[in-house]
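A quick write-up on the structure given underneath.
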Amino acid sequence: MSIVNVAIDGPAGAGKSTISRRVAKELGFIYVDTGALYRTVGLNVLRLSLDMNNADDVISTLDSVKVSLRFINGEQRVFLYDEDVSEAIRTPEASMAASAVSAVPAVRDFLFSLQQDIAAASNCIMDGRDIGTVVLPNAQVKIFLTASAEKRADRRFKELSEKGINESYENVLSDIIQRDYNDSHREIAPLKQADDAILVDTSDLDLEQSYEAVLNAIKERL
Ligand code: DC
């Protein structure tokens, strides 16, 4: 049987990673979180004390940086050189750095073949912003998963609190609005729904209902 690729795109906090991980488990596919790659490039820029909003600074890191994904017991871990940074990339600072570096075309080129190679080798659910439009334009199923900014901020706020990361709701919401703007207004590979993607709006759905909606959409297309 040929390889099956499912592309799930959408804004931050729409539930992509939680839902994609669960759907992947149900279908026996691997789950690839491409945001983790941009976060790792961003984290590296922060650690080098460079300016994440200066494209030359960001580009200067690409010659030497080593970013890789490993799948351990079916779970994705992301590595910066030999360090597992899967948790370190989840801070609000790393989120902002990811959004900034993802607007630099050289960064997108740098991560492009890594993503395509994984998808060519394995049945996968790959989530991101440009998977259905740019990285995997021939994916058999494309989903655009979204929700209102307020609903997404609610969810992200709870998630951060549970992890013990203290951030006010107002900051979480303004970060989301800022990142939405950055992600959908950049010149290269902006966040947008592919023409052939199925739209799933989770504003009024709980996690279980969102999961069912995505799983059913995939099953119908396959
Ligand atoms: O999904 P996430 O919040 O972990 O993504 C972090 C940032 O990376 C986000 O602001 C946009 C960027 N990103 C991207 O440009 N393209 C992708 N395929 C995935 C993420």
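Bear in mind that the values here come from a model prediction, so they are computed numbers and not experimental data. Order of listing sets the numbers, starting from 1, for every ligand and every atom in it.
- Side chain of Lys16 to main chain of Asp9: no donor-acceptor pair is present (N/O by atom type, distance under 3.5 Å, no hydrogens or angles).
- Exactly one residue among Asp63, Leu62, Val104, Ile59 makes a side chain to side chain contact (heavy atoms under 4.5 Å, CB included) with Phe110. That residue is Leu62.
- Here CZ of Arg39 is found 7.5 Å from CG of Asp33. Values are rounded to the nearest 0.5 Å.
- A distance-only check finds no donor-acceptor pair linking the side chain of Arg70 to the backbone of Val78 [under 3.5 Å].
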Would you be so kind as to tabulate the donor-acceptor pairs closer than 3.5 Å made by side chains of residues 213-222, with sequence neighbours excluded?
| residue | atom | partner | partner atom | Å |
| --- | --- | --- | --- | --- |
| Asn216 | ND2 | Glu212 | O | 3.2 |
| Arg221 | NH1 | Asp196 | O | 3.1 |

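- Considering only non-hydrogen protein atoms, atom 8 (O) of ligand 1 sits nearest to Tyr38 CB, 3.5 Å.
- Contact annotation: for Arg156 versus ligand 1, there are no heavy atoms closer than 4.0 Å.
- Checked by distance only, ligand 1 and Arg179 come closer than 3.5 Å through their nitrogen or oxygen atoms.
- Considering backbone and side-chain N/O atoms, Lys16 never comes within less than 3.5 Å of an N/O atom of ligand 1.
- At the shortest separation from atom 16 (N) of ligand 1 among protein heavy atoms lies Arg108 NH2, 3.0 Å.
- Counting the atoms of ligand 1 from 1 in the order shown, those under 4.0 Å from a heavy atom of Ser99 are 10 (O).
- Here the heavy atom of the protein found nearest to atom 1 (O) of ligand 1 is Arg129 NH1, 2.9 Å.
- Of all protein heavy atoms, the one closest to atom 19 (C) of ligand 1 is Thr34 OG1, 3.4 Å.
- For atom 7 (C) of ligand 1, the closest heavy atom belonging to the protein is Ala98 CB, 3.6 Å.
- Within 6.0 Å of CZ on Phe71 lie more than 12 heavy atoms contributed by other residues, nucleotides or ligands.
- A donor-acceptor contact shorter than 3.5 Å is absent between the side chain of Asp130 and the backbone of Ala189.
- Remark: ligand 1 atoms within the under-4.0 Å shell around heavy atoms of Gly128 are 17 (C), 18 (N), 19 (C).
- Hydrophobic cluster membership for Leu173: Phe157, Leu160, Ile165, Tyr169, Val172, Ile177 (Ile, Leu, Val, Met, Phe, Trp, Tyr linked by side-chain heavy atoms under 4.5 Å, directly or transitively).
- Considering only non-hydrogen protein atoms, atom 4 (O) of ligand 1 sits nearest to Arg39 NE, 2.6 Å.
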